[in-house]
There are 2 protein chains.
Amino acid sequence: MEVILSRKEQIEQTATALFKNRGFSATSMRDLANQLGIEAASIYSHIKSKEEILQRVCFRMANEFFEAIDQADVHTASASERLQAAITAHVQVLTKNTEASAVFLHEWRHLSEPHHAEFLALRNRYEEHFREIIREGIKAGEFKVPDEKFAVLTILSALNWIHTWYKPEGKMNAEEIAANLATMLLNGLKQT
Amino acid sequence: MEVILSRKEQIEQTATALFKNRGFSATSMRDLANQLGIEAASIYSHIKSKEEILQRVCFRMANEFFEAIDQADVHTASASERLQAAITAHVQVLTKNTEASAVFLHEWRHLSEPHHAEFLALRNRYEEHFREIIREGIKAGEFKVPDEKFAVLTILSALNWIHTWYKPEGKMNAEEIAANLATMLLNGLKQT
DNA sequence: TAGGCAACCTAACGTTCGTTAGCAAATTTT
DNA sequence: AAAATTTGCTAACGAACGTTAGGTTGCCTA
């Protein structure tokens, strides 16, 4: 089941892999061209600038993350269930596209204005979704948390290292990883 | 209580701040010189190369982290107590030097060989300290964890975002942060 | 007071960078 | 068959890069 990619998508995909491994700044257009088997100047038949690639990856992934948690959310469920669903959705996106996720998580700071500010606003809105769940959990007496912002950042931080090691052929699949992380974050390490 | 810094230390400190904010590759020697109020060439009276700065920061921080968890470790304590002590020590180092920590955590991949490999070996040895505690906790029936490596990386990942927001004048001090994180990781979010 | 050294300078090196201009071939669309 | 689009090329641009060479100044010490 090979998906046919346009040349532009090929460039984006190859660039994503390089951005993940060496970082945006340390990846030259000549590196990218070399990887594609063409000349650097040829890339400019398809894209306007190096940063355009970064922008496309960052905002496409932002969309993916939003769609995933929106679809997974069931407003009538308990806070614990909603949090577990959000964690699972987040992990699904992370594992389905580890390279783009790495770029999304680490390289966004090389965006120029106004994209940089726009990206941060999106990220904040995404985190707000989690904060809202935590708030609900606190109000319902389900969660005991010192600070909701603190809790959300800890949770997301605990999830966002997956891209560094996840391999589709590894011993844990995305669902198992999500389940283990949700259990750890909700119940802790301690035997109960 | 102003600490007097040698010029070399000043360069290292200023470079660390720039490396944190823009990344190693996106920071030029002319940027650094500008920040110091001198010419780029003048920096080479004090250091041998741009990478030397990165090496010094990375390996100095590695040392700091090792010393902190070694000092904090009490072998006779329970696994929970040992883990809490390790988390506290780790957070103390992170908060005491947020800029150098950011470089240590993110910029090490720009080290050239053999320093790159040496760094990874050190990091693995550091993580092994945590793995050992987790193993002990599992054996003693204290912890319930799907995979010890998985647990350690989740813990460290949850800790290592602190440098992005911690400010000494903030409402939580290092001890409170460490305590909150240890509670969250050991007991989970759920009210018990 | 002479020597040494720390600190910084100007000038420049060779290289790499992102990008543009202008053109050619192949493929697809009309 | 003609026209338009896609995909690539060579050549080159100006700018920025890390770094070196060689010199000047001012302070500290013998």
Side-chain angles (χ1 to χ4, degrees), chain A residues 2-59 103 106-116, chain B residues 2-59 103 106-116:
Chain A
E2 275 294 308
V3 180
I4 293 174
L5 296 180
S6 73
R7 204 59 171 123
K8 185 163 181 173
E9 286 165 334
Q10 272 181 51
I11 290 170
E12 197 175 300
Q13 202 173 77
T14 307
T16 302
L18 289 173
F19 290 172
K20 171 178 178 173
N21 292 327
R22 317 187 196 177
F24 176 75
S25 303
T27 303
S28 74
M29 293 303 279
R30 285 166 177 89
D31 284 344
L32 173 55
N34 201 46
Q35 198 77 193
L36 289 160
I38 60 176
E39 293 297 317
S42 305
I43 298 173
Y44 288 85
S45 299
H46 306 277
I47 58 150
K48 261 177 35 209
S49 69
K50 185 185 174 187
E51 204 198 300
E52 195 204 27
I53 305 176
L54 182 62
Q55 285 165 23
R56 289 172 60 91
V57 175
C58 286
F59 288 99
V103 174
H106 299 307
E107 305 301 326
W108 56 268
R109 62 193 177 128
H110 296 109
L111 291 169
S112 61
E113 297 301 347
H115 309 97
H116 184 266
Chain B
E2 274 294 309
V3 180
I4 293 174
L5 295 180
S6 73
R7 205 59 170 123
K8 185 163 182 174
E9 286 165 334
Q10 272 181 49
I11 290 171
E12 197 176 301
Q13 202 173 76
T14 308
T16 302
L18 289 172
F19 290 172
K20 171 178 178 172
N21 292 327
R22 318 188 196 175
F24 177 75
S25 303
T27 303
S28 73
M29 294 303 279
R30 284 166 177 86
D31 284 344
L32 173 56
N34 202 45
Q35 198 76 194
L36 289 161
I38 59 175
E39 293 297 318
S42 305
I43 299 173
Y44 289 84
S45 299
H46 306 277
I47 57 150
K48 260 176 35 208
S49 70
K50 185 185 175 187
E51 205 197 301
E52 195 204 26
I53 306 176
L54 182 61
Q55 285 163 23
R56 290 172 60 92
V57 176
C58 286
F59 288 98
V103 173
H106 298 306
E107 305 301 327
W108 56 267
R109 61 195 179 127
H110 296 109
L111 291 169
S112 61
E113 297 299 349
H115 309 97
H116 184 265

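Proteins get letters first, then strands, A, B, ... in listed order; numbering begins at 1 in each.
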Exercise for review: Go through residues 41-50 of chain B and report each residue with a non-hydrogen atom lying under 4.0 Å from DNA chain D, sorted by number.
Suggested key: Ala41(B), Tyr44(B), Ser49(B), Lys50(B)

Check your understanding: Mind checking whether Phe24(B) and Phe19(B) have parallel, tilted or perpendicular rings, split at 30° and 60°?
Key -> perpendicular

Check your understanding: side-chain hydrogen bond (donor to acceptor under 3.5 Å, both in side chains) with Thr14(B): which residues, sequence neighbours excluded?
Key -> none

Check your understanding: For residues 7-25 of chain A, which residues have at least one heavy atom under 4.0 Å from DNA chain D?
Key -> Arg7(A)

Review point. What does Ser6(B) touch in the nucleic acid at a heavy-atom separation under 4.0 angstrom: a base, only the sugar-phosphate, or nothing?
Key: nothing

Practice item. List the atom of Ile47(A), the atom of Glu52(A), and the distance in Å for their closest heavy-atom pair. Key: CB-OE1, 3.1 Å

Point to revise | side-chain hydrogen bond (donor to acceptor under 3.5 Å, both in side chains) partners for Arg22(A), two or more places apart | key: Asp31(A)

Point to revise | side-chain hydrogen bond (donor to acceptor under 3.5 Å, both in side chains) against Ser25(A), all qualifying residues, sequence neighbours excluded | key: His110(A)

Point to revise | From CD1 (Ile43(A)) to CZ (Arg30(A)), nearest 0.5 Å | key: 10.0 Å

Review point. Once each nucleotide of nucleotides 25-30 of chain C is scored for protein heavy atoms under 4.0 Å, what B/S/- sequence comes out, 5' to 3'?
Key: ------

Check your understanding: Rounded to the nearest 0.5 Å, how far does CE of Met29(A) lie from OG of Ser42(A)?
Key -> 10.5 Å

Point to revise | Pairs satisfying ring-ring contact (aromatic ring centres under 6.0 Å, His included), at least one member in residues 26-47 of chain A, at least two apart | key: none

Revision key, fill the gap. To the nearest 0.5 Å, atom CG of Leu32(A) lies from atom CD1 of Ile38(A) at 7.5 Å

**Study point:** salt bridge (charged side-chain N to carboxylate O under 4.0 Å, His left out) partners of residues 34-44 of chain B, not counting sequence neighbours, each pair once
**Key:** none

Practice item. Enumerate the residue pairs fulfilling salt bridge (charged side-chain N to carboxylate O under 4.0 Å, His left out) with a member in residues 106-115 of chain B, sequence neighbours excluded, ordered by first and then second residue. Key: Glu107(A)-Arg109(B), Arg109(A)-Glu107(B)

**Study point:** Approximate separation, where rounding is to 0.5 Å, of Ile11(B) CD1 and Thr16(B) OG1
**Key:** 11.5 Å

Review point. In whole angstrom, what separates Glu39(B)'s CD from dC8(C)'s C1'?
Key: 9 Å

Study note, to complete from the structure: Nt span of DNA chain D in reach of chain B heavy atoms at under 4.0 Å, 5' end first, is dC17(D) to dT20(D)

Practice item. Could you tell me whether the side chain of Gln55(A) and the main chain of His115(A) form a donor-acceptor pair under 3.5 Å? Key: no

Practice item. Mind calculating the distance between CG (Asp31(A)) and C1' (dG18(C)) to the nearest angstrom? Key: 13 Å

Practice item. Output the residues of residues 107-114 of chain A in contact with DNA chain D, where contact means a heavy atom of the residue under 4.0 Å from an atom of the strand; sort by number or write none. Key: none

Practice item. Sequence neighbours left out, what passes side-chain hydrogen bond (donor to acceptor under 3.5 Å, both in side chains) with Glu9(B)? Give chain and number order. Key: Ser6(B)

Review point. Angle class for the His116(A)/Trp108(A) ring planes (parallel below 30°, perpendicular above 60°, tilted otherwise)?
Key: tilted

